[in-house]
Amino acid sequence: MIIRGMNLSLIIACILIVLALIILPLLVSYKAEKKEIHNKSEWGKIKEYANKINNKTRKKY
């Protein structure tokens, strides 16, 4: 299965690069999701602002 003439170190380097390209985005998205839990998401901020405006409008009438 191994192509003749390819060094073992080249094959290992290719495998490591492929693994890095798969794992790094997963780690970045995990950290971003974890950070979002502590901070409100954009939709949460919009919902909170809308409720604030609705409450002000209801108090006027």
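Count residues from 1 along the sequence.
For the atom pair Leu27 CG and Ile22 CD1, the distance stands at 12.0 Å (nearest 0.5 Å). Distance check, rounded to the nearest 0.5 Å: CZ of Arg58 to CD1 of Ile53 gives 12.0 Å. Taking CG of Leu10 as the start and CD1 of Ile15 as the end, the distance is 10.0 Å to the nearest 0.5 Å. Here Cys14 contributes atom SG and Leu19 contributes atom CG; the two are 11.5 Å apart, rounded to the nearest 0.5 Å. Separation of atoms CD1 (Ile17) and CD1 (Ile12) is listed at 12.0 Å; rounding is to 0.5 Å.
The heavy-atom pair separating Ala20 from Pro25 by the smallest distance is O-CD, 4.0 Å.
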(message) What verdict does the side-chain contact (heavy atoms from CB on, under 4.5 Å) test give for Ile11 and Asn7, after you've listed the backbone C-alpha separation in whole Å, the side-chain angles of each residue and the deciding distance to 0.1 Å?
(response) CA-CA 7 Å; Ile11 295 170; Asn7 294 335; over 6 Å; no
